[in-house]
Amino acid sequence: MDMDFIGNWTRTHDINKVSQDLDSQQVVLFGWVQDVRDLGGIRFIIMQDRTGTIQITILKKRVDPEVLQKSDLLQKRFSIAVMGTVKKTNMTPRGIEIIPTQIKLLNIAIEQLPIDITGKTPANIETRLDARALDLTAESTIAVFKIQHTALQAIRSFLFEKGYLEVHTPRIIASATEGGAELFGVKYFDQTAYLAQSPQLYKEQLTMSLEKIFEVGPFFRAEESHTRRHLSEFTSVDIEQAFANADDVMALLEQVIHHVCVTVKETCSNELHVLKYKFEVPELPFKRLTYTEVLESLKEHGVDIPWGEDIPTEAFRELGKLYPFFYFVTDWPSKAKTFYIKPRRENPEVCEGFDLMWRYIELVSGGTRIEHKEQLVCRMREKGLNPESFKYHLQAFDWGMPPHAGWAIGLERLTMVLSGRKNIRETTLYPRDRIRLTP
RNA sequence: GCUCGGGUAGUAUAGUUCGGUCUAGUAUAUGCGGCUGUCGCCCGUAGGACCCGGGUCCGAAUCCCGGCCCGAGCGCCA
């Protein structure tokens, strides 16, 4: 099949920018064939780009024979350019259609696509991920990532506005940053290195220089987790701030989340409509429950957890039914949190760590950090960690480490909340999990 | 890692309980033909599948054993 060249054509409009205001004007559109409906004497080409779809209408008796001939060839996913006239009409949902004067065929696709991109016969997530590049062309999939983009943009602009500096810490590290989560090892010349599970230690160190920082980036956990909310590679939105405590960063966090919800709701109404999903902008402040209150609340509903134990998933699911929106869980037992979270001065059994939950999903975790070296070393030992392997981190505490606090949002989990997806792999372009390493 | 559940055309599924009209049904997709206002177009037509290996049996998609792959939940973790 002969292909055309773009030549001197330039795109004049994104497809969603073509409106009734452009009636009778000539436009040049680039995109793909999403669907062809041929009724005999009339043929409708549904053309798609990342912004939406538009109908190209071909009246076979009236159209230029060359255009007709070209349109005979078109199949789903063929990449095309269309020059044509915008026509106002009451016969399409958008009130416009394109009457083509010239069509260029830029590239072809196979006849039998591995998944249905129009949504008529939805495929399972596994099948979709195997053909992810194609799956990502489905309007509903695009919608998820537009929402993610909008959320991230909202977070960034909010934090920039508040004076946070965006930073980039290493992904390749020499040893465990936190203990706990398993690390992926990598060959690093003649040494063994690891993929970072979090920017935690670096961002803490940066509070003694840049004071208020944030970072968005991928982190890696070599856990055996096999659930709808875990990934081996995920995107973390981290902040850390000097001269602040848990209360300060919780207040910041709920404002960030609120701003994200408002922004997504305002600017992604089409995407939310495509996804058939609605959410309410949460009211501030978010509910704050202490760990002890959570246990009491669970006990009233028949779930008995001894104080000090971690809260199992099943209990969180129960809790999510009682508090179906955003809520904080604060004042965790010190032994249930990592070493760098600060125990409360008046009662060291509990700490200044918190989680922001959405129903049963842990969206964010954070807290006040320990700023004194001796206490930090002491906590490392309690957790069975060797302070020697943290010597480069610990030396920073000799140089005027300020009191500080911070948090980390799981971006894919936040996207689940904002898009109503129930599997985290739907909110990641190319997910990596216990099983999947491709595509 | 543990416990369940599953593997049938490109996709999504029915059939498996209790083996036999299963020559494996349906939808959608694909090919071909028809149709001038569709928008999940419609109508006709064609081709297309029982994860692999072994066993029981006159007979296995269905039962048994082994393998491979996948999902959900738990644990771990965030």
Side-chain angles (χ1 to χ4, degrees), chain A residues 34-47 53-63 75-77 87 89-97 99 109-131 134-135 138-139 177-183 197-200 219-238 310-317 329 336-338 353-358 360-367 407-414 416 422-425 433-436:
Chain A
Q34 187 196 55
D35 206 0
V36 180
R37 281 193 286 276
D38 193 320
L39 276 65
I42 191 167
R43 173 181 289 151
F44 304 106
I45 311 290
I46 308 304
M47 183 178 177
T53 58
I54 197 164
Q55 178 170 296
I56 314 295
T57 303
I58 294 162
L59 276 156
K60 294 186 186 176
K61 277 186 181 158
R62 281 202 236 155
V63 79
Q75 296 174 16
K76 284 175 184 165
R77 287 306 301 168
K87 188 180 158 200
T89 171
N90 57 10
M91 288 181 286
T92 67
R94 289 189 54 192
I96 41 163
E97 61 188 349
I99 308 302
I110 57 172
E111 281 164 359
Q112 182 72 75
L113 298 170
I115 54 172
D116 167 34
I117 50 165
T118 67
K120 270 183 271 184
T121 310
N124 298 323
I125 183 69
E126 282 306 301
T127 311
R128 291 174 50 198
L129 291 174
D130 284 340
L134 180 63
D135 177 58
E139 285 175 271
T177 49
E178 301 188 20
E182 293 291 320
L183 297 169
Q197 60 177 201
S198 136
Q200 185 61 34
F219 291 98
F220 307 88
R221 306 274 166 96
E223 298 293 338
E224 299 284 350
S225 304
H226 189 64
T227 78
R228 290 181 299 175
R229 60 190 188 285
H230 289 86
L231 292 168
S232 303
E233 177 176 5
F234 69 102
T235 308
S236 184
V237 179
D238 271 84
D310 235 329
I311 299 172
T313 306
E314 196 191 351
F316 266 126
R317 284 183 192 274
V329 179
K337 284 284 177 187
T338 51
F354 65 84
D355 287 343
L356 177 65
M357 307 295 299
W358 187 82
Y360 75 95
I361 294 175
E362 187 187 333
L363 263 192
V364 182
S365 76
W407 41 252
I409 305 175
L411 181 63
E412 294 85 357
R413 288 186 179 180
L414 179 63
M416 289 170 76
K422 296 209 164 67
N423 191 321
I424 199 164
R425 293 180 298 169
D433 61 35
R434 179 67 189 83
I435 307 284
R436 182 175 289 275

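Values reported hereafter were calculated over all heavy atoms of this structure, with side chains retained and with hydrogens, waters and symmetry mates removed. In the text below, chain A, chain B and the rest are named by the order of the sequence lines, each starting its count at 1.
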Across all chains, not counting sequence neighbours, the side chain to side chain donor-acceptor pair (under 3.5 Å) partners of Glu139(A) are Gln34(A)
Gln75(A) atom CD, neighbour heavy-atom count above 12 within 6.0 Å
yes
Under-3.5 Å donor-acceptor pair between Glu97(A) side chain and rG37(B) base:
yes
Set of salt bridge (Lys or Arg N to Asp or Glu O under 4.0 Å) partners for Glu126(A), sequence neighbours left out:
Arg425(A), Arg436(A)
Indicate, with a heavy-atom threshold strictly under 4.0 Å, whether Arg317(A) touches base, sugar-phosphate, or nothing.
sugar-phosphate
Taking Asp433(A) first and then Arg228(A), would you say they form a salt bridge - that is, a charged N and a carboxylate O separated by under 4.0 Å?
no
Classify the nucleic acid contact of Arg425(A) as base, sugar-phosphate or nothing, counting any heavy atom under 4.0 Å across all strands shown.
sugar-phosphate
Looking at rC39(B), which nucleotide sits across from it as a Watson-Crick or G-U wobble partner, both distances under 3.5 angstrom, or is there none?
none
rA61(B) -> Watson-Crick or G-U wobble partner, both distances under 3.5 Å, gives none
Where Thr227(A) and His230(A) come nearest, the two heavy atoms and their spacing
OG1-ND1, 2.5 Å
Are any of Arg228(A)'s side-chain N or O atoms less than 4.0 Å away from OP1 or OP2 of rG73(B)?
yes
Is there, by distance only and without an angle test, a donor paired with an acceptor across the side chain of Thr92(A) and the base of rC39(B) below 3.5 Å?
no
Does Arg77(A) have any salt bridge (Lys or Arg N to Asp or Glu O under 4.0 Å) partners at least two apart in sequence or in another chain, and if so, which?
none
Select base, sugar-phosphate, or nothing to describe what Ile435(A) touches, counting heavy atoms under 4.0 Å on all strands.
sugar-phosphate
For rC4(B), the nucleotide meeting Watson-Crick or G-U wobble distances (both under 3.5 Å) is rG71(B)
Is there a side-chain contact between Thr313(A) and the phosphate of rG75(B), meaning an N or O under 4.0 Å from OP1 or OP2?
yes
Any base atoms under 4.0 Å from Glu111(A), or only sugar-phosphate, or nothing? Heavy atoms, all strands.
sugar-phosphate
Write down the protein N/O and nucleotide N/O pairs, taken from nucleotides 41-44 of chain B, whose separation is under 3.5 Å; answer none if there are no such pairs.
from    : atom 1 : to        : atom 2 : distance (Å)
rC41(B) : OP1    : Lys120(A) : NZ     : 3.1
rC41(B) : OP2    : Arg37(A)  : NH1    : 2.4
rC41(B) : N4     : Asp38(A)  : O      : 2.7

Kindly indicate whether the side chain of Gln197(A), heavy atoms from C-beta on, has any atom under 4.5 Å from the side chain of Phe219(A).
no
Ignoring backbone atoms, establish whether Asn124(A) has a side-chain N or O less than 4.0 Å from OP1 or OP2 of rA12(B).
yes
Measuring only the P atom in each nucleotide, how far is rC42(B) from rA24(B)? A whole number of Å is fine.
26 Å
Describe the nucleic acid contact of Asp310(A) in one word from base, sugar-phosphate, nothing, applying a heavy-atom distance below 4.0 Å.
nothing
Mind checking Lys76(A) for me? I need base, sugar-phosphate or nothing, with any heavy atom below 4.0 Å counting as a touch.
sugar-phosphate
Quick one: salt bridge (Lys or Arg N to Asp or Glu O under 4.0 Å) partners of Arg434(A), sequence neighbours excluded?
Glu224(A)
Whole-Å P distance, rU62(B) and rU17(B)
10 Å
Can you find an N or O donor on one side and an acceptor on the other, under 3.5 Å apart, linking the side chain of Gln112(A) with the base of rU11(B)?
no
Pairing partner (Watson-Crick or G-U wobble, both distances under 3.5 angstrom) of rA29(B):
none
Can you name the salt bridge (Lys or Arg N to Asp or Glu O under 4.0 Å) partners of Arg43(A), sequence neighbours left out?
Asp38(A), Asp72(A)
Strand partner of rC22(B), provided both Watson-Crick or wobble distances fall under 3.5 Å:
none
The residue, Gln75(A) or Gly410(A), whose nearest nucleotide of RNA chain B is more 5′ is Gln75(A)
Could you tell me whether Leu113(A) contacts a base, only the sugar-phosphate backbone, or nothing, with contacts defined as non-hydrogen atoms closer than 4.0 Å?
sugar-phosphate
Whole-Å C1' distance, rA46(B) and rG6(B):
32 Å
Does OP1 or OP2 of rA12(B) have a side-chain N or O of Thr127(A) closer than 4.0 Å?
yes
Report the distance from atom OH of Tyr360(A) to atom P of rG75(B), rounded to the nearest whole Å.
12 Å
Within less than 4.0 Å of OP1 or OP2 of rC77(B), is there a side-chain N or O belonging to Arg229(A)?
no
